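Worksheet: one structure, shown below.
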Amino acid sequence: MSTDVQTPVRQLLPIPTPVGQTATGQVTATPEDPTIAVGTSPVGLAFTPSGGLYVTNSGSNNVTLINTSTDTVTIPSIPEGGTTPSWLTIAPNGNAYIPSNGSANVSVLNTATNTLVGTPIPLAGGPAAAVVIPSGDVYVSRFFANSVSLINTATNTVAGGPITVGSNPVGMAVAPNGNAYVANRGSNNVTVIDTTTNTVVGAPIPVGTQPNFVAIAPNGNAYVANIASSDVTVIDTTTNTVLVPSIPVGSGPWGITVGPNGIAYTADLGANNVTVIDTTTNTVVGAPIPVGTQPIDVAVAPNGKVYVANFGSNNVSVFPGAPTLTGISPDQGATTGGTVVTITGTNLTGAGVTIGGNPATNVIVNATGTQITATTPPGAAGPATVTVTTPSGTASLVNGFTYLPDATSLSATPALEKLFPPQVFYPFLNATLVDLVTGLPVPGQTITFSTGNRILGTAITNAQGTARLSELFTFPLILVNGGYTAAFAGTPNLLPSTAHAGIIIP
């Protein structure tokens, strides 16, 4: 049997890679985040009503319960009643439904008592994955029977006949419209089932190669992880057509999930990492996140943390979810930068900050990951987007900070009829421009000199911020008008200013 990540469709699960070794087609990676030891060859993840995390261990035929508050194991091994348990789901009645591929049945586990409910439900055809439908009942995909069966959760029996789908169905997800989307690994397509009638809707939707799992984003679109083509296909569930044929991710994505904030995560079994996708833009965010060996499933907890089942290293990785931002204060400052701001949100640990695309400095994140202090970089006057990037993703406050033009001051010296001590300016008009924010002179700016309604001329400020214009031939006009005016029209980063000067006649 092949150990390549492009697993033959005839086998449901990959071959476990011994810890410390690398399978063909895989790359080694050092987990960046903490891992929690569980049973052998973990596959499925599901959150219990009390906030715990069930992990099905396909190699040791049991379930591990993790406390998601402390990220420690509460119960190392809960017998699940079958062999080769795979992708489970938890129904509204609080029971977990666990397909056991090896023993051809579905076990029911009471999540309040962590004990089995009755005897496993017989289900031939290689039960693979389970999902809850709007009625509260459960669909189970049958990998070898190319079908989906319905389990009545009130009686824990199979209801009705099998629903024929594509070849080797695995993962399923239910869209807001109530339709279930089934990933058919063997036929490279997705079948749509109307869960109210338990009938197939339309023709299968072509996707990538070896689609394995489906997740629904808050926008209602379905995201399909394709193992062999190492990408994600996006389906518009309102039209059941492909919206985005391929978003490239890491090698061999087996699992996919989407958090409430619209950030999707793929478990890239062949790359030993997790890829992050922003479902609002359908683009990959940041660099892949290293996890354990052969990540096969991924889930976002109600507290925002992300959990990854590592099939080959017998553990679960956990890392903070993508950052969220709630505000920035103050929300305006000088174009020269240097404004100290406070950014608030969640999951900000390890963050970098850019404002208007330029990196902020002196970035400090508090211990709880809810607040950042940073110093703004220089920027162009006007609104600028604040972006925070962590290893888990990116969040932005669009036009969240406004750069204000610096105020300026223009001073002009009096016009002189002739040179006399201690005056030394004759025969020039002089105006000096200063940036009031930095306190520095502003060179290279045009100053316009006028008297009455007549422009006398223009001059450029020198390194000392002073512009100088000869008054030899214009003094009579200046005398008639009782002085002159120097004006700076302003720039995008500097506010305009003017100054008036009189006349000195000794």
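Just so it is clear, the model here is predicted, and its values are computed rather than measured.
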Check whether [X] reaches the backbone of [Y] with its side chain - one donor and one acceptor, N or O, closer than 3.5 Å.
| X | Y | answer |
| --- | --- | --- |
| Thr408 | Leu495 | yes |
| Thr376 | Thr339 | yes |
| Asp268 | Ala271 | no |
| Asn57 | Gly59 | no |
| Ser86 | Pro99 | yes |
| Thr491 | Asn493 | yes |
| Ser141 | Gly171 | no |
| Asn347 | Ala322 | yes |
| Ser60 | Thr40 | yes |
| Thr394 | Val285 | no |

Quick one: pull up [atom1] in [X] and [atom2] in [Y] and give me the separation to the nearest 0.5 Å.
| X | Y | atom1 | atom2 | answer |
| --- | --- | --- | --- | --- |
| Ile133 | Ile151 | CD1 | CD1 | 10.5 Å |
| Thr64 | Leu53 | OG1 | CG | 9.5 Å |
| Ile75 | Ile66 | CD1 | CD1 | 12.0 Å |
| Asn282 | Ser246 | CG | OG | 11.5 Å |
| Thr196 | Asn177 | OG1 | CG | 10.0 Å |
| Asn101 | Leu13 | CG | CG | 6.5 Å |

Problem - Option passing side-chain contact (heavy atoms from CB on, under 4.5 Å) with Leu12 (candidates Val170, Val43, Asn212) - result: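 Passing option: Val170.
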
Practice item. For the pair Ser230 and Asn226, evaluate side chain to side chain donor-acceptor pair (under 3.5 Å) and give the outcome as yes or no after the intermediate values. Key: CA-CA 6 Å; Ser230 297; Asn226 305 303; over 6 Å; no

Please report the closest heavy-atom contact between [X] and [Y], naming both atoms and the distance.
| X | Y | value |
| --- | --- | --- |
| Leu410 | Ser497 | CB-OG, 3.6 Å |
| Ala351 | Val363 | O-CG1, 3.8 Å |
| Val242 | Pro206 | CG2-O, 3.3 Å |
| Ile78 | Asn114 | CG2-O, 3.4 Å |
| Val437 | Ala334 | CG1-CB, 3.8 Å |
| Leu88 | Leu45 | CD2-N, 3.7 Å |

Can you list the steps and then say if Thr349 with Thr390 is a side chain to side chain contact (heavy atoms under 4.5 Å, CB included)?
CA-CA 7 Å; Thr349 301; Thr390 72; over 6 Å; no

How about Phe213 and Trp87: are their ring centroids closer than 6.0 Å? yes

Just checking, any donor-acceptor pair under 3.5 angstrom between side chains of [X] and [Y]?
| X | Y | value |
| --- | --- | --- |
| Asn62 | Ser77 | yes |
| Ser107 | Glu80 | yes |
| Asp297 | Tyr307 | no |
| Thr191 | Asn184 | yes |

Taken in chain and number order and not counting sequence neighbours, the residues that satisfy salt bridge (Lys or Arg N to Asp or Glu O under 4.0 Å) with Asp71 are Lys305

Please examine the side chains of [Y] and [X], heavy atoms only from C-beta on, and report whether any two atoms are closer than 4.5 Å.
| X | Y | answer |
| --- | --- | --- |
| Pro14 | Ile296 | yes |
| Ile289 | Asn273 | no |
| Thr361 | Pro377 | no |
| Pro42 | Val55 | yes |
| Phe47 | Pro302 | yes |
| Val388 | Leu348 | yes |
| Asn179 | Ile193 | no |
| Val365 | Gln371 | no |

Checking side chain to side chain contact (heavy atoms under 4.5 Å, CB included) for the pair Val276/Ser392: CA distance, chi angles, key distance, verdict? CA-CA 7 Å; Val276 182; Ser392 302; 5.6 Å; no

Ile343 and Phe401: side chain to side chain contact (heavy atoms under 4.5 Å, CB included), yes or no, with the steps?
CA-CA 11 Å; Ile343 302 168; Phe401 186 82; over 6 Å; no

Stepwise, does the side chain to side chain donor-acceptor pair (under 3.5 Å) test hold for Thr344 with Thr326? CA-CA 6 Å; Thr344 53; Thr326 56; 2.8 Å; yes

**OP:** Start with the C-alpha distance between Ser317 and Asn310, add both sets of side-chain angles, then the distance that settles side chain to side chain donor-acceptor pair (under 3.5 Å), and finish with yes or no.
**Re:** CA-CA 7 Å; Ser317 296; Asn310 300 307; 2.9 Å; yes

Intermediate values then yes/no, side chain to side chain contact (heavy atoms under 4.5 Å, CB included), Ile263 and Thr279: CA-CA 6 Å; Ile263 299 298; Thr279 63; over 6 Å; no

Applying side chain to side chain contact (heavy atoms under 4.5 Å, CB included) to Asn95 and not counting sequence neighbours gives Asn93, Tyr97, Val108, Asn110, Val117

- Query: Residues in side chain to side chain contact (heavy atoms under 4.5 Å, CB included) with Pro378, at least two apart?
  - Reply: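 Listed in chain order: nothing, the list is empty.
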
Would you please test Thr387 and Ser396 for side chain to side chain donor-acceptor pair (under 3.5 Å) and show each step?
CA-CA 4 Å; Thr387 299; Ser396 295; 3.0 Å; yes

